[in-house]
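So you know, we letter chains A, B, ... as the sequences are listed, proteins then strands, and number each from 1. Just so we're clear, the structure is a prediction, and the values are computed from it rather than from any experiment.
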Amino acid sequence: GAVVSQHPSRVICKSGTSVKIECRSLDFQATTMFWYRQFPKKSLMLMATSNEGSKATYEQGVEKDKFLINHASLTLSTLTVTSAHPEDSSFYICSAREAANYGYTFGSGTRLTVV
Amino acid sequence: GQQLNQSPQSMFIQEGEDVSMNCTSSSIFNTWLWYKQDPGEGPVLLIALYKAGELTSNGRLTAQFGITRKDSFLNISASIPSDVGIYFCAGRGTGNQFYFGTGTSLTVIP
């Protein structure tokens, strides 16, 4: 089945630095990937839709300059949290859809802690 | 972003009991998905529904796409300890993106 790899699984960074999270589709091409954020014991909130070769579409209330998304190839999307602050600490998860079907596969997530 | 109403929020049941949870939306959806998430992991797809009225099973799990297209249901029969986790519904309208329910935390007592 489709596999989505997300890296790193955990990262701790200092306030004010930037962190890049990678999402790769391992055995399929994904023209569209999605980035979600999840707070403890809460649901997944869609942050943005990442489109290969074009600009990402951000959900209302998500700062595009804060959360930079790049989808440079059909197998890789990256989310960069710029000038991170403690309130950015969260669980970030990506998902991708194999073009041929409607199944959405999720990465294993990245636990970001900003200190 | 949009969020779906999912109930119950949490359940504590005895091993062997059946479980029911549901998800409702204010808008019509064309696809409903049900996921299970273990702590620290990403959600794993359990069942996908594509048509109003559709009833689909995956082992002890059965899910239905409501005929109004604004709701969906998930049932787990004869629960076992490994069913513990958080279950999420997700719905998609005319766009590409899915929106998630608020989650149901399931605890199975042996």
Side-chain angles (χ1 to χ4, degrees), chain A residues 1-10 21 23-25 30-52 54 56-62 67 71 90-99 101-113, chain B residues 1-11 21-25 27 29-51 54 56 58 63 65 72 84-107:
Chain A
V3 177
V4 173
S5 172
Q6 192 171 336
H7 179 81
S9 58
R10 288 178 181 274
I21 303 169
C23 182
R24 295 181 184 273
S25 55
T31 55
T32 305
M33 292 186 176
F34 302 91
W35 287 97
Y36 293 85
R37 182 174 181 176
Q38 187 178 33
F39 291 101
K41 300 187 179 180
K42 296 292 184 183
S43 185
L44 292 87
M45 297 297 295
L46 180 65
M47 297 174 65
T49 301
S50 172
N51 304 298
E52 187 268 334
S54 64
T57 305
Y58 290 82
E59 293 297 298
Q60 192 172 9
V62 178
F67 300 99
H71 195 154
S90 192
F91 193 53
Y92 294 86
I93 307 174
C94 68
S95 75
R97 182 182 67 152
E98 192 170 0
N101 62 51
Y102 285 97
Y104 284 72
T105 304
F106 282 83
S108 53
T110 297
R111 171 75 60 196
L112 170 63
T113 303
Chain B
Q2 187 175 358
Q3 201 162 60
L4 311 178
N5 293 318
Q6 190 172 340
S7 66
Q9 186 174 7
S10 61
M11 301 182 74
M21 60 190 78
N22 69 78
C23 208
T24 59
S25 165
S27 46
F29 283 149
N30 296 322
T31 304
W32 284 96
L33 306 176
W34 284 92
Y35 288 87
K36 182 189 177 201
Q37 185 177 26
D38 292 326
E41 298 291 329
V44 174
L45 181 65
L46 300 174
I47 294 179
L49 303 161
Y50 302 114
K51 214 164 46 172
E54 180 180 352
T56 298
N58 178 7
F65 193 140
S72 181
V84 165
I86 301 179
Y87 292 80
F88 290 102
C89 62
R92 182 179 71 92
T94 54
N96 259 338
Q97 60 270 55
F98 277 86
Y99 295 96
F100 278 76
T102 45
T104 296
S105 174
L106 177 63
T107 301

inquiry  = Taking side-chain hydrogen bond (donor to acceptor under 3.5 Å, both in side chains) as the definition, give me every residue that meets it alongside A:S90, ordered by chain and number, with sequence neighbours left out.
reply    = A:R37
task = Please work out whether the ring planes of B:Y35 and B:F100 are parallel, tilted or perpendicular, with thresholds of 30° and 60°.
result = tilted
request  = May I ask you to check whether B:F98 and A:F34 place their ring centers less than 6.0 Å from one another?
outcome  = no
Region of B:Q6 that comes under 4.5 Å of a non-hydrogen atom in chain A = neither
task = For A:R10, enumerate each residue passing the side chain to side chain contact (heavy atoms under 4.5 Å, CB included) test, keeping only those at least two apart in sequence or located in another chain.
result = A:R111
remark   = Highest number of heavy-atom pairs under 4.5 Å with chain B among A:G109, A:S95, A:S108 belongs to A:S108
inquiry  = Under a 4.5 Å cutoff for heavy-atom pairs, which residue among A:Q6, A:M47, A:K42, A:Q38 has the most contacts with chain B?
reply    = A:Q38
